[in-house]
Asks: 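Below is a structure I'd like to ask you about.
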There are 2 protein chains.
Amino acid sequence: MAIERSTYKDHVIKHIYNGLQENRFRAGEKILESHLAKDLGISRAPIREAMADMVSAGLLEYRPQVGNFVAALSAKEIIDSYVARGVLEGFAISQGINNFSNKDLLRLEEMAHQMEQFARQDQRKALIDIGQEFHEELFRHCTNSQVVLFTKQLSLKLHLLFYKHWANVYTPEEIRDRHLEIIAMIRKKDPVKLEQLIRQHYIDTGHKIVEQEN
Amino acid sequence: MAIERSTYKDHVIKHIYNGLQENRFRAGEKILESHLAKDLGISRAPIREAMADMVSAGLLEYRPQVGNFVAALSAKEIIDSYVARGVLEGFAISQGINNFSNKDLLRLEEMAHQMEQFARQDQRKALIDIGQEFHEELFRHCTNSQVVLFTKQLSLKLHLLFYKHWANVYTPEEIRDRHLEIIAMIRKKDPVKLEQLIRQHYIDTGHKIVEQEN
DNA sequence: ACCCCACATAATGTCGACATTCGACAGTTG
DNA sequence: CAACTGTCGAATGTCGACATTATGTGGGGT
């Protein structure tokens with residue numbers, strides 16, 4: 001199976017990421033450069049670059065002179081990642097708390113209700129997509145490039161876990177209420193409590209995910 | 001000039017990092033793979049890997065099909081980075097606020113006074129070293145691997161700026177007092193105010209650095 | 001039976017060369 | 001004179017092969 005055009009590295013990254021999502025690469029497993037090279041019909045050079053990228057994104061782990069392995073997150077690492085995300089996202093959103101118009105908030109509320117519907121109908125992809133959209137909307141007013149960067153990194157990593165376990169983490173009603181709670185707190189214009197709330201939200205989610213992993 | 005042994009990538013990274021610190025590579029400048037390869041007497045492969053690493057660390061910027069450039073941080077990006085560091089470090093230290101023994105704190109206070117002395121005597125390297133030690137000590141009780149990782153990334157990047165401007169940022173007394181202030185707040189066991197204080201500390205520093213850059 | 005060591009295998013690390021693409025300059029045209 | 005276009009040099013992207021190192025295996029010794 002060959003690849004079409006432009007820089008190969010991005011294609012390789014996508015290929016591996018899809019593999020992770022579809023569980024074709026299992027946690028802890030070693031990924032051979034030569035296998036990917038043969039599968040994709042290209043040389044090892046772009047594959048090495050792609051894997052190096054994914055190592056820095058935390059999706060793979062690298063042992064010198066040995067190779068790359070699918071990152072096997074321990075329970076603590078999963079929780080740590082969710083906590084870190086809560087810290088960053090809590091700050092980001094609280095900082096822009098006054099930039100949300102009533103129209104923005106109404107739209108967010110509508111999205112929360114849509115998420116409930118999708119969850120109820122087991123439409124995983126639609127739910128994940130609108131969930132991402134929701135968070136992007138919350139982040140829209142964060143202009144701190146560094147915070148945005150870190151958060152995106154974490155998103156990429158945690159997305160895989162959430163994609164796998166979402167159905168067993170929250171009920172449709174909980175999904176709706178948890179998001180509505182955040183919106184309500186934005187309305188109250190209390191940045192400190194909002195930050196706490198968002199942190200707690202991610203702490204809870206992290207623990208729930210860990211329960212599912214075991 | 002040749003390199004000695006073990007995986008070349010790390011040597012190359014160190015070489016570039018030193019070059020940045022000594023200002024042999026100036027901001028915005030393009031770094032040619034072939035030049036480094038010739039200078040270090042090795043092939044381009046390990047150099048490409050090293051540069052890719054430094055891109056993900058934020059020290060270099062990469063434009064596909066064009067090359068790698070020394071990251072030219074805008075004023076806003078500098079401030080953003082300091083703010084982000086304040087957020088992370090504020091959280092990390094506050095979380096471990098109860099793990100500091102009185103002995104720890106006395107040691108930290110001593111370090112603050114040493115920093116004042118070194119600053120007064122223009123001993124840049126000694127000051128920077130003990131400053132790093134101070135922060136590592138504060139971080140010692142943070143077990144969140146993800147937060148630690150992000151903070152290290154930021155450290156690496158901001159270190160270069162601080163190394164360049166430290167002398168014009170704070171007076172020796174200010175350096176001492178700012179650090180003592182943090183220790184005093186740890187003593188008060190007020191995590192919320194401690195977090196605020198640390199954030200403010202980095203916000204101030206960021207602004208001072210930006211003033212120096214222009 | 002267990003441990004140690006040497007060897008074979010296979011993967012990563014590195015290399016030099018080729019293919020492709022970007023950026024600059026010169027020449028042309030309106 | 002300005003703007004566009006074609007050409008050329010140089011740097012990056014990719015390749016296949018070789019060098020080096022980790023891992024597993026089997027034989028020999030205790």
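Lettering of chains follows the sequences in order, A, B, ..., and the numbering in each one begins at 1. As the structure is a computational prediction, the values presented were derived from the model and not from experiment.
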Asks: Rounded to whole angstrom units, what separation is found between the CZ atom of A/Phe69 and the C1' atom of D/dT23?
Replies: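 After rounding, the gap between these two atoms is 11 Å.
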
Asks: Could you check B/Arg63 against A/Arg48 and say which one's nearest nucleotide on DNA chain C is further toward the 5' end?
Replies: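 The 5'-side residue here is A/Arg48.
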
Asks: Among C/dT14, D/dC15, D/dT12, which nucleotide sits nearest the side chain of B/Glu33?
Replies: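 Side chain of B/Glu33 sits closest to D/dT12.
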
Asks: Would you compute the distance between atom CD of A/Glu109 and atom CD1 of A/Ile182 and round it to the nearest 0.5 angstrom?
Replies: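 Going from CD on A/Glu109 over to CD1 on A/Ile182, the span is 12.5 Å.
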
Asks: Would you please confirm or rule out a distance under 4.0 Å between OP1 or OP2 of D/dG13 and any side-chain N or O of B/Tyr62?
Replies: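 Yes.
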
Asks: Nearest of D/dC15, C/dT21, C/dT12 to any side-chain atom of B/Gln65?
Replies: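 The nucleotide sitting nearest to the side chain is C/dT21.
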
Asks: Parallel under 30°, tilted from 30 to 60°, perpendicular over 60°: which one fits the rings of A/His141 and A/Phe100?
Replies: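 Geometry flag for A/Phe100 against A/His141: perpendicular rings.
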
Asks: For A/Ser145, enumerate each residue passing the side chain to side chain contact (heavy atoms under 4.5 Å, CB included) test, keeping only those at least two apart in sequence or located in another chain.
Replies: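 Testing A/Ser145 for side chain to side chain contact (heavy atoms under 4.5 Å, CB included), a comparison that skips the adjacent residues, returns B/Glu77, B/Asp80.
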
Asks: So what does A/Ile31 hit on the nucleic acid, given a heavy-atom distance under 4.0 Å: a base, only sugar-phosphate, or nothing?
Replies: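 The answer is sugar-phosphate, as A/Ile31 gets under 4.0 Å only of primed atoms, P, OP1 or OP2.
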
Asks: Please classify the nucleic acid contact of B/Glu49 as base, sugar-phosphate, or nothing, using heavy-atom distances under 4.0 Å.
Replies: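 Contact class for B/Glu49: none.
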
Asks: Kindly list each side-chain donor-acceptor pair under 3.5 angstrom involving residues 23-32 of chain A, sequence neighbours excluded, with atom names and distances?
Replies:
residue	atom	partner	partner atom	Å
A/Arg24	NE	A/Glu22	OE1	3.2
A/Glu29	OE1	A/Arg26	N	2.8
A/Lys30	NZ	A/Val66	O	3.0

Asks: Tell me which of B/Gly67 and A/Pro46 sits closer to the 5' end of DNA chain D, going by the nucleotide each one is nearest to.
Replies: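 It is B/Gly67 whose nearest nucleotide is closer to the 5' end.
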
Asks: Among D/dT23, C/dT14, C/dA11, which nucleotide has an atom closest to any side-chain atom of A/Val66?
Replies: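 That would be D/dT23.
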
